[in-house]
Amino acid sequence: MAATTDRPSTVRFLLLLARDTALFLNGYTIGVIGGVITLTTREYHGNDFGMPYYSELLASAVLAGTVCGMLLCGWTLNGIQSGMILSPFPIILICSVYSIWASDKSPSLNGGELVRILCFIRFILGICVGAGHSSGSAFPFERWVKQDGIFGSTQHWWFVLGTKTMIDTGFVVATSVPLVLHWIYGEWHHLTICNVSLGLGAVPAFVLLWELVVLLWAFEDQSVPESKPLSSFYIPYWFTLRQYWKSVLGLSLAWFIYDFIMYPFGIYSSMIINNITGGSLPLSIVLGWSVVIVSFYIPGTLLGTFLTDYLGLKTAMIVGLLLQATVGFTMGIMCIPLADHIATFSVGYGIFLCLGEVGCGSCLRLLAAKTAPAAIDGQIYIIAATVGKVGAFIGTWVFPQVINVFGGSKTVRGNTGPFWIGSGLAILSAVLTSFLVKPFTHDALEAEDKAVQQYMEENGIDVGRMGIKKVPEKDDV
């Protein structure tokens, strides 16, 4: 029996690496479109492609698909193999075929035709990425790290490092790729750079495919535990709604606001820099400052893990949100002098994103993973994460409209308008978190399992059917 429960460390490492690769792919696929929008706007300068309508379509298509993929594979299957096995094949096929086909056909297309093709492809990509995101999400990870002897505050560190930091790393790499390709191809090959940037999304998918081949072999040997779908558990929905509705509502609203702010600010960062500089600077400078801005994502997640050790998850999240709002309001107030110093503007922009990751970026997944026991936490996590992606989808449409309301893309005040809205929403999120989200400690999962076990047993419900292992009392020997 011990041979089946003691999993080889190499297999455990590959399983976690596969999850990390799926999340990295999520960040890359979403983040790469920001540079593509800037490049295509330069390519079709004076054409209607530069209108916000087309930019919004390109930015939101993959997010719409991601929501569908998360609902399809996250809610119905919710297994280790499910989404990750489904996701690489269409991603590899679509990215590879598109990168070859588009290199020859894109120059002959007008702006509208190119947008329609890209939106269709990216919606399909989004479905595949959403499937991988659900299967690589955080809620099983925290339970597994304890099996490898990782406890206490270190658990939070590895938890965030293996989830949100991987998504942010994919986002940073996606922003850097168009810049590197611009250095290679030069100033007048915008569509080629777009095609190759999108096509390179096949690389992490190939890596994920290789990892899954190894993992399937491991599953056949029963070297890793078999993951059961949600349908194999009995889930008392009345109990879930009565016990956790407040936490689910708070986490979902906070995640909605977080993605509503962070994804558009990341995707449109190069567009904002291009607008602030009047569209006259070389693309290497515009894309370069965009990379600097987005790179602040990563230290934000790392700093957030340390902050949770001292303040706790809920307090750290609220502090991060309030600090982000302070920086955002400062950016809005000092918009004119900052616009004359693009380096200072970019650093302030990056700090705004960094503080967003310090708060919600580092804490939301941990809070969702600790909210409920066994199979219930999976559902809560997927609900909150999916609502968040809906917020990101809406945010990509609202962001350009906010710029127009504040004065338009050709004015400094217009381009800093989103900072006012984002800062106000950050304060709203802090208020919602303080009232609706309950605080958690490092041992919250065990405490929650024990409390639910006691409640269920008192009401005559078999907790084993919910996937909850019986927690022994301290007096049991």
Side-chain angles (χ1 to χ4, degrees), residues 16-34 59 62-63 65-67 69-70 74 83-84 87-88 91 125-126 128-142 156-177 200-201 203-205 207-208 254-256 258-267 269 291 293-305 320 350 353-369 381-382 384-393 395-396:
L16 296 179
L17 184 62
R19 291 178 177 275
D20 293 346
T21 306
L23 295 173
F24 175 91
L25 186 59
N26 178 288
Y28 184 93
T29 305
I30 295 175
V32 73
I33 199 63
V62 71
L63 293 168
T66 301
V67 172
M70 292 176 71
M84 287 193 296
S87 62
I91 290 176
L125 279 171
C128 304
V129 168
H133 179 85
S134 294
S135 59
S137 56
F139 57 86
F141 184 92
E142 189 187 40
H156 286 178
W157 168 268
W158 287 108
F159 185 94
V160 176
L161 186 65
T163 54
K164 184 56 182 173
T165 304
M166 290 305 301
I167 296 175
D168 288 344
T169 302
F171 215 107
V172 173
V173 172
T175 309
S176 305
V177 165
L200 286 176
V203 174
V207 174
L208 180 59
W255 214 320
F256 179 94
Y258 165 72
D259 283 357
F260 183 92
I261 297 172
M262 298 298 286
Y263 275 98
F265 268 99
I267 292 172
S269 59
V291 173
I293 291 170
V294 175
S295 296
F296 279 83
Y297 275 138
I298 297 177
T301 61
L302 302 180
L303 179 61
T305 58
L353 297 182
C354 176
L355 292 172
E357 298 298 75
V358 168
C360 292
S362 299
C363 301
L364 269 175
R365 285 168 174 77
L366 284 163
L367 288 169
Y381 185 97
I382 292 171
T386 304
V387 171
K389 282 297 186 292
V390 173
F393 172 82
T396 55

Which atoms form the tightest heavy-atom contact between [X] and [Y], and what is the distance?
{"X": "Gly395", "Y": "Pro264", "value": "C-CG, 3.4 Å"}
{"X": "Thr66", "Y": "Val62", "value": "OG1-O, 2.7 Å"}
{"X": "Tyr258", "Y": "Cys360", "value": "CD1-CB, 3.3 Å"}
{"X": "Met166", "Y": "Leu161", "value": "CG-O, 3.5 Å"}
{"X": "Ala392", "Y": "Tyr263", "value": "CB-CD1, 3.7 Å"}
{"X": "Gly31", "Y": "Ala174", "value": "C-CB, 3.7 Å"}

Reported [atom1]-to-[atom2] distance for the pair [X] and [Y], which is rounded to 0.5 angstrom:
{"X": "Tyr28", "Y": "Thr175", "atom1": "OH", "atom2": "OG1", "value": "9.5 Å"}
{"X": "Lys389", "Y": "Ile382", "atom1": "NZ", "atom2": "CD1", "value": "12.5 Å"}
{"X": "Ile167", "Y": "Thr301", "atom1": "CD1", "atom2": "OG1", "value": "10.5 Å"}
{"X": "Phe296", "Y": "Glu357", "atom1": "CZ", "atom2": "CD", "value": "13.0 Å"}
{"X": "Thr29", "Y": "Phe171", "atom1": "OG1", "atom2": "CZ", "value": "11.0 Å"}
{"X": "Leu125", "Y": "Ile33", "atom1": "CG", "atom2": "CD1", "value": "10.0 Å"}

Q.
Quick check on side-chain contact (heavy atoms from CB on, under 4.5 Å): which of Thr163, Leu302, Leu353, Ile298 does Asp168 satisfy it with?
A.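 For Asp168, the side-chain contact (heavy atoms from CB on, under 4.5 Å) check succeeds only for Ile298.
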Q: Report yes or no: do Tyr297 and Lys164 form a side-chain donor-acceptor pair below 3.5 Å?
A: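 Distance-only check fails for Tyr297 and Lys164.
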Q) For Ser295, what residues pass the side chain to side chain contact (heavy atoms under 4.5 Å, CB included) criterion, not counting sequence neighbours? A)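 Ser295 satisfies side chain to side chain contact (heavy atoms under 4.5 Å, CB included) with Val172, Val291 only.
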Q: Test side-chain contact (heavy atoms from CB on, under 4.5 Å) on Trp255 and Leu364 and set out the steps.
A: CA-CA 7 Å; Trp255 214 320; Leu364 269 175; 3.8 Å; yes
Q. Excluding sequence neighbours, so at least two apart, what forms salt bridge (Lys or Arg N to Asp or Glu O under 4.0 Å) with Asp259?
A.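 Here no residue qualifies.
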